[in-house]
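First comes the structure, then the notes that go with it.
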Amino acid sequence: MEYVSLNNGVKMPMEGIGTFLLTPDEAEASCVSALQNGYRLIDTANAYCNEKAVGRAMKKSGLLREEIFLETKLWPTFYTDADAVDKTLARLDTDYIDLLLIHQPAGDYVAGYRLMEKAYKEGKVRAIGLSNFNEEQIKEILSICEVKPTILQTEVHPYAQQKELKAFLAENGMVIQAWYPLGHADKGLLEEPLFTRLAAKYGKSNVQIILRWHIQAGNVVIPGSKNPAHIHDNFDVFDFALTDAEMQEITTLNKDKRYYEVTEDKLAAFATMFPPVDDQK
């Protein structure tokens with residue numbers, strides 16, 4: 001495993017398992033499989049409605065709690081709930097969260113950030129950050145925060161490398177974390193001739209080349225999967241390194257192509273949507 005140091009000194013694994021769109025049973029099985037294969041970072045969220053399952057998987061793994069880096073995200077309709085963090089902890093069946101993010105720049109996200117700062121000061125959270133915020137929204141948080149955000153989780157992959165955003169984050173001591181690290185499994189991206197050539201050279205798959213590129217580029221990745229073979233293979237990227245020239249070749253693939261577009265309508269909907277967190281298995 002390779003690690004990145006967040007701006008408050010907390011060490012975070014560079015690769016983890018994502019649980020977006022996984023049912024509780026799938027999330028539990030995937031997290032157990034991932035932890036057995038050496039993963040130590042798990043990403044979930046209130047809105048995924050599988051936090052209880054992630055908590056069960058951590059217990060089932062037999063690992064000590066401090067061996068696992070647990071990341072989750074507060075949902076907009078909970079930003080003004082004083083007990084939102086405590087309820088999240090209860091669902092996860094843990095005393096602390098390693099990294100807690102504001103999931104969407106919707107609703108009263110400043111109140112949500114204040115909630116996270118309070119939890120951080122109380123020792124319930126080891127680091128806090130943002131998800132899906134743009135540069136202007138990040139600047140707003142930086143201008144009012146007492147505890148600096150450590151990370152931004154956003155869409156990053158070879159077709160959307162986010163170079164300007166990464167430079168801005170670096171200037172402000174923040175790390176980028178990639179969701180859709182494989183470009184939403186876009187066949188055109190996964191089958192790029194460059195990745196095929198590098199895969200043949202290193203005896204790896206195209207997916208493994210892409211994940212290795214992310215890690216060397218400083219992107220924390222959380223590829224999601226419920227396939228045990230894919231979970232194993234996605235983590236098998238720490239025994240080789242791309243050359244500087246190969247890394248540079250991959251930068252030429254950037255198209256600023258996103259697979260998910262944030263719209264005002266979506267944000268407005270998020271601000272009134274209540275995930276059924278209490279009904280999850």
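All heavy atoms count here, side chains included; hydrogens, waters and symmetry mates do not. The model shown is predicted, which means the values in this text are computed figures rather than measured ones.
- Residues A127 and L6 share a closest heavy-atom pair of CB-CD1, 3.9 Å.
- Between V32 and S61, the closest side-chain pair of non-hydrogen atoms is not below 4.5 Å.
- Ion pairing between K124 and D86 holds under the 4.0 Å rule for side-chain N and carboxylate O.
- The stretch residues 120-150 participates, sequence neighbours left out, in these ring pair (Phe, Tyr, Trp, His ring centres under 6.0 Å) pairs: Y109-F133.
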Does the pair T80 and D108 meet the rule for a side-chain hydrogen bond (donor to acceptor under 3.5 Å, both in side chains), with working shown?
-> CA-CA 7 Å; T80 55; D108 192 349; over 6 Å; no

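- More than 12 heavy atoms of other residues, nucleotides or ligands shown are found within 6.0 angstrom of CG on D239.
- Contact of the E117 side chain with the C145 side chain is registered, since non-hydrogen atoms from C-beta on lie closer than 4.5 Å.
- A donor-acceptor pair under 3.5 Å is formed between the side chain of Q208 and the backbone N or O of D233.
- Under 3.5 Å, the side chains of N254 and Y159 contain no donor-acceptor pair of N or O atoms.
- Of all heavy-atom pairs between L41 and E15, the closest is CB-O, 3.7 Å.
- Using a 4.0 Å cut-off between charged side-chain N and carboxylate O, K121 and E146 make a salt bridge.
- Screening F69, F235, F238 for a ring-ring contact (aromatic ring centres under 6.0 Å, His included) with Y39, the sole residue that qualifies is F235.
- For the residue pair M247 and A217, the shortest heavy atom distance occurs at CE-N, 3.7 Å.
- Looking at E246 and Y202, their side chains do bring a donor and an acceptor atom within 3.5 Å of each other.
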Chi angles and distances behind the side-chain hydrogen bond (donor to acceptor under 3.5 Å, both in side chains) call for W179, N132 = CA-CA 10 Å; W179 55 256; N132 300 307; 3.0 Å; yes

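- Within the 4.5 Å cutoff, the side chain of E28 has heavy atoms near those of the K60 side chain.
- Taking all atoms of both residues into account, the shortest heavy-atom contact from L101 to S131 is CD1-CB, 4.2 Å.
- Checked against I17 for a side chain to side chain contact (heavy atoms under 4.5 Å, CB included), the options I222, I42, L35 give a single hit: I42.
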Would you sort out whether F195 and I210 count as a side chain to side chain contact (heavy atoms under 4.5 Å, CB included), showing the intermediate values?
-> CA-CA 7 Å; F195 298 138; I210 295 169; 3.7 Å; yes

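- Counting non-hydrogen atoms of neighbouring residues, nucleotides and ligands closer than 6.0 angstrom, the NZ atom of K148 exceeds 12 such neighbours.
- A heavy-atom distance below 4.5 Å is found between the side chains of I176 and V156.
- Ion pairing between R212 and E2 holds under the 4.0 Å rule for side-chain N and carboxylate O.
- The OH atom of Y3 lies 11.5 Å from the CE atom of M12; values are rounded to the nearest 0.5 Å.
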After noting the C-alpha distance and the side-chain angles of H157 and L182, does the key distance pass the side chain to side chain contact (heavy atoms under 4.5 Å, CB included) rule?
-> CA-CA 6 Å; H157 45 75; L182 302 171; over 6 Å; no

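- Using a cutoff of 4.0 Å between basic side-chain nitrogens and carboxylate oxygens, E249 and R197 are scored as salt-bridged.
- Here the CG atom belonging to L22 is positioned 12.5 Å from the SG atom belonging to C49, to the nearest 0.5 angstrom.
- When all heavy atoms of M116 and G129 are compared, the pair lying nearest together is CE-O, 3.4 Å.
- No side-chain donor-acceptor contact under 3.5 Å links N219 to the backbone of V221.
- In E264, the CD atom is not crowded: 12 or fewer heavy atoms of neighbouring residues, nucleotides or ligands sit closer than 6.0 Å.
- Not a single donor-acceptor pair under 3.5 Å links the side chain of S33 to the backbone N or O of A29.
- In this model, no donor atom of one side chain and acceptor atom of the other lie less than 3.5 Å apart for Q162 and E155.
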Criterion side chain to side chain contact (heavy atoms under 4.5 Å, CB included) on I128 and L99, from CA distance to verdict | CA-CA 5 Å; I128 60 178; L99 176 62; 5.6 Å; no

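- With contacts defined as side-chain heavy-atom distances shorter than 4.5 Å, the pair R65/K59 does not qualify.
- In terms of modelled atom types and a separation under 3.5 Å, the side chain of Q137 and the main chain of N134 share a donor-acceptor contact.
- Under the side-chain hydrogen bond (donor to acceptor under 3.5 Å, both in side chains) test applied with E51, the options N46, T88, T44, T94 reduce to a single match, N46.
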Could you give me the CA-CA distance, side-chain angles and deciding distance for R56 and D93, then say whether salt bridge (Lys or Arg N to Asp or Glu O under 4.0 Å) is met?
-> CA-CA 8 Å; R56 290 193 297 271; D93 193 18; over 6 Å; no

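- Within the model, atoms CG of N206 and CG of L194 stand 9.0 Å from one another, a figure rounded to the nearest 0.5 Å.
- With rounding to the nearest 0.5 Å, the separation of CG in N37 from CZ in R40 is 9.5 Å.
- The minimum heavy-atom distance linking P24 with A53 is given by the pair O-CB, 3.1 Å.
- Ion pairing of D236 with K204 is present here, as a side-chain N (NZ or NE/NH1/NH2) and a carboxylate O approach within less than 4.0 Å.
- Residue N50 holds its CG atom at 4.0 Å from OG1 of T19, rounded to the nearest 0.5 Å.
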Kindly determine whether W75 and F270 satisfy ring pair (Phe, Tyr, Trp, His ring centres under 6.0 Å), including the steps that lead there.
-> CA-CA 8 Å; W75 187 251; F270 293 156; 5.2 Å; yes

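- In the model, T150 has no side-chain atom that pairs as donor or acceptor with a side-chain atom of N7 under 3.5 Å.
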Would you sort out whether L74 and H103 count as a side chain to side chain contact (heavy atoms under 4.5 Å, CB included), showing the intermediate values?
-> CA-CA 6 Å; L74 290 182; H103 199 156; 5.9 Å; no

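- In this structure, L70 and M58 have side chains that are in contact, with non-hydrogen atoms separated by less than 4.5 Å.
- Between Y180 and Y260, the distance separating the two ring centers is not shorter than 6.0 angstrom.
- By the side-chain contact (heavy atoms from CB on, under 4.5 Å) test, L21 pairs with no residue at all, sequence neighbours left out.
- Ionic pairing of E261 and K266 is not present here: no N-O contact between side-chain nitrogen and carboxylate oxygen is shorter than 4.0 angstrom.
- For the pair T154 and L165, the minimum side-chain heavy-atom distance is below 4.5 Å.
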Full working for salt bridge (Lys or Arg N to Asp or Glu O under 4.0 Å) between D43 and K73 = CA-CA 9 Å; D43 174 78; K73 300 178 274 295; 2.8 Å; yes

Yes or no on salt bridge (Lys or Arg N to Asp or Glu O under 4.0 Å) for E135 and K139, after CA distance, side-chain angles and deciding distance?
-> CA-CA 6 Å; E135 187 172 320; K139 285 178 179 175; 3.5 Å; yes

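- Looking only at side-chain heavy atoms (C-beta outward), F78 and V277 come within less than 4.5 Å of each other.
- A donor-acceptor pair shorter than 3.5 Å can be found between the side chains of T251 and Q248.
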